[in-house]
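In the text below, chain A, chain B and the rest are named by the order of the sequence lines, each starting its count at 1. Small disclaimer: the values here were computed from a predicted structure and weren't measured.
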2 protein chains.
Amino acid sequence: MAKLTSLKAEKRQLDRRAADHIRSHILDGIFPANSRLLETQLSDELEVSRGTVRSALAQLAGEGLVKQVAFTRWEVSGSSSTDGWEIYTLRGVLEGLGARLAAANVTAEDAERLRTICAEMLRAISEGRFQDATDIDFDLHAAIIELARHRRLAEQHRMILHQVRFHMVQSGFLPKDYDELISDHKQLIEAVIAGDADRAEKLARSHNEGEVRLLTASLQQGHPSDRIDVENV
Amino acid sequence: MAKLTSLKAEKRQLDRRAADHIRSHILDGIFPANSRLLETQLSDELEVSRGTVRSALAQLAGEGLVKQVAFTRWEVSGSSSTDGWEIYTLRGVLEGLGARLAAANVTAEDAERLRTICAEMLRAISEGRFQDATDIDFDLHAAIIELARHRRLAEQHRMILHQVRFHMVQSGFLPKDYDELISDHKQLIEAVIAGDADRAEKLARSHNEGEVRLLTASLQQGHPSDRIDVENV
DNA sequence: CAATCACCGATTGTCAACAATTACGGTTGC
DNA sequence: GCAACCGTAATTGTTGACAATCGGTGATTG
């Protein structure tokens with residue numbers, strides 16, 4: 001297991017910061033899917049008490065990144081085709097709602113902002129900085145959700161994006177056609193900017209449909225990606 | 001504050017049971033919106049340690065029924081028009097997805113089951129047992145979601161239903177037209193049973209639209225229902 | 001008299017010890 | 001040889017004590 005940096009600077013609550021650290025390790029693939037997490041080990045490495053680690057793990061369990069087996073173990077969530085299918089179908093309707101509401105609220109500055117982010121993404125791709133491009137992709141979707149001015153939706157969306165990222169890392173997913181990716185996003189934000197709620201929702205939902213179809217197919221073949229059982233030594 | 005019954009029977013984890021008790025008190029209106037919750041008071045009344053209560057409250061915060069103000073206080077969530085609008089719009093898309101997927105999975109036994117629940121609801125209404133009818137209403141929606149076979153969706157839906165219930169209690173909401181309510185549900189489950197995914201989704205989404213419209217109007221009038229500030233003595 | 005500041009009680013945040021439960025390996029009996 | 005049983009080590013669950021923080025109260029000062 002990789003070394004975690006201690007957390008005693010800052011002023012936020014320790015358990016939140018512990019959760020942030022563990023979460024980023026999960027999202028970076030340092031703690032792989034299905035790997036076991038030991039409270040004592042985490043508390044040693046983060047230099048906080050076990051209770052604090054427990055609280056952090058409970059948060060992450062609520063976010064769907066970690067599973068608890070009572071009296072027995074904590075482990076990083078799985079990343080099977082079923083999980084992927086669940087994640088992308090949920091993402092579809094959440095972003096659909098977000099796009100619909102965003103279209104109803106959008107202002108001129110918002111429009112500018114969205115176009116800027118999209119341009120940044122385009123530049124990142126054209127310069128071959130694909131990791132940056134992916135980050136900006138997430139930022140763009142989060143920015144649209146923000147326009148919806150819907151706290152609960154934003155919270156759900158934040159969590160589902162974490163899960164999307166996790167699933168991408170675990171499954172080694174990479175976009176295959178960056179031109180199409182850009183075109184998708186351009187269409188989406190233009191629909192939002194134009195205030196066309198129906199079209200914005202439809203585009204947001206169809207944005208994930210490629211993955212959903214892929215994963216559905218993978219499920220029907222009985223793809224055995226549930227069997228992964230990495231141990232975390 | 002009402003007396004809570006102690007929890008030392010059963011075998012589930014204490015924090016889960018504590019969360020269940022506090023949750024049901026919130027949903028029953030015993031802890032009203034925006035009322036303060038004291039860790040020591042809860043731990044005394046539930047006869048568990050403060051740490052356990054903290055864990056329970058953290059869970060409920062994750063479910064959106066409770067808010068935490070760091071280093072200062074826990075309080076029951078608010079129940080403003082904005083909250084209601086958020087809850088019902090989210091519910092709409094979640095149940096939309098659920099109905100769509102349910103329509104794709106439904107079997108003959110499922111159909112029977114749905115019709116049975118619907119009939120029970122009808123009977124409850126005709127016998128004037130309106131509280132039971134509301135419970136069965138929730139059961140029916142949960143049953144449809146179950147058919148979607150989507151763990152994450154089911155979890156989100158469970159939480160949003162709690163929030164719906166909470167909002168109904170706090171706002172004193174009562175269905176105004178039971179005939180329409182029954183008709184809505186009949187149409188919905190028949191669409192699901194017929195496997196008509198598009199129609200099922202559409203009906204599930206429109207099922208909440210009445211409330212959404214009401215709450216949107218209430219918002220635009222600047223209805224001051226955010227101002228509620230009950231104290232919990 | 002109003003504004004500011006230092007104190008104090010109340011409440012939440014963190015910790016380390018103790019209890020309960022589980023999983024595993026060895027032993028025993030058949 | 002195999003299955004059931006039991007003891008033990010490892011791990012999670014729970015608790016009470018201690019630390020940090022906040023909000024209000026009253027004294028102080030301009």
Side-chain angles (χ1 to χ4, degrees), chain A residues 1 4-23 26 31 34-62 65-77 229-233, chain B residues 1 4-23 26 31 34-62 65-77 229-233:
Chain A
M1 185 188 291
L4 298 177
T5 57
S6 161
L7 6 121
K8 57 194 183 208
E10 290 184 70
K11 284 240 185 81
R12 290 173 52 227
Q13 290 174 106
L14 274 178
D15 56 350
R16 307 295 177 88
R17 284 187 282 154
D20 290 346
H21 277 250
I22 299 172
R23 185 189 303 110
I26 293 175
F31 297 154
N34 299 101
S35 60
R36 184 170 188 181
L37 298 172
L38 294 186
E39 294 180 359
T40 52
Q41 195 167 355
L42 290 170
S43 79
D44 286 351
E45 292 181 352
L46 293 171
E47 297 178 23
V48 297
S49 83
R50 241 191 68 219
T52 303
V53 169
R54 268 180 84 71
S55 170
L57 288 173
Q59 283 180 241
L60 295 175
L65 289 175
V66 151
K67 280 185 308 187
Q68 181 180 28
V69 186
F71 291 100
T72 303
R73 62 195 305 174
W74 296 89
E75 57 188 43
V76 178
S77 293
D229 220 319
V230 185
E231 196 50 34
N232 179 22
V233 254
Chain B
M1 184 187 294
L4 298 178
T5 56
S6 161
L7 7 120
K8 58 194 181 208
E10 291 186 70
K11 282 244 182 79
R12 290 176 49 229
Q13 289 175 105
L14 275 178
D15 56 350
R16 308 293 178 87
R17 284 186 282 154
D20 290 346
H21 276 250
I22 299 172
R23 186 189 303 111
I26 293 175
F31 298 155
N34 299 99
S35 60
R36 184 170 188 181
L37 299 173
L38 295 185
E39 294 179 357
T40 52
Q41 196 168 352
L42 290 169
S43 79
D44 285 351
E45 292 181 353
L46 293 171
E47 297 178 24
V48 296
S49 83
R50 241 192 72 219
T52 303
V53 169
R54 269 180 81 72
S55 170
L57 288 173
Q59 283 180 241
L60 295 175
L65 288 175
V66 152
K67 280 186 307 186
Q68 180 179 28
V69 185
F71 292 100
T72 306
R73 61 195 304 174
W74 296 90
E75 55 187 45
V76 178
S77 294
D229 219 319
V230 185
E231 195 50 34
N232 177 25
V233 251

Nearest to side-chain heavy atoms of [X], which nucleotide of [options]:
X: A:Leu38; options: D:dT15, D:dT11, C:dT12; result: D:dT11
X: A:Arg54; options: C:dT14, D:dG13, D:dT21; result: D:dG13
X: A:Leu14; options: D:dT15, C:dT11, C:dC15; result: C:dC15
X: A:Thr52; options: C:dT14, D:dT11, D:dG13; result: C:dT14
X: A:Thr72; options: D:dG13, C:dT22, D:dT14; result: C:dT22
X: B:Phe71; options: D:dT15, D:dC22, C:dC15; result: D:dC22
X: B:Ser49; options: C:dG13, C:dT12, D:dT15; result: D:dT15
X: B:Arg50; options: D:dT12, C:dC15, D:dA17; result: D:dA17

Kindly indicate whether the side chain of [X], heavy atoms from C-beta on, has any atom under 4.5 Å from the side chain of [Y].
X: B:Leu14; Y: B:Leu46; answer: no
X: B:Leu42; Y: B:Phe31; answer: yes
X: A:Leu57; Y: A:Gln68; answer: no

Open item on the list: Does C:dA10 have OP1 or OP2 under 4.0 Å away from a side-chain N or O of B:Thr40?
Closed with: no
Open item on the list: Quick check on D:dT21: is either OP1 or OP2 less than 4.0 Å from any side-chain nitrogen or oxygen of A:Gln13?
Closed with: no
- [ ] Please say which of B:Arg16, B:Arg17, B:Arg23 ends up in a salt bridge (Lys or Arg N to Asp or Glu O under 4.0 Å) with B:Asp20.
- [x] B:Arg23
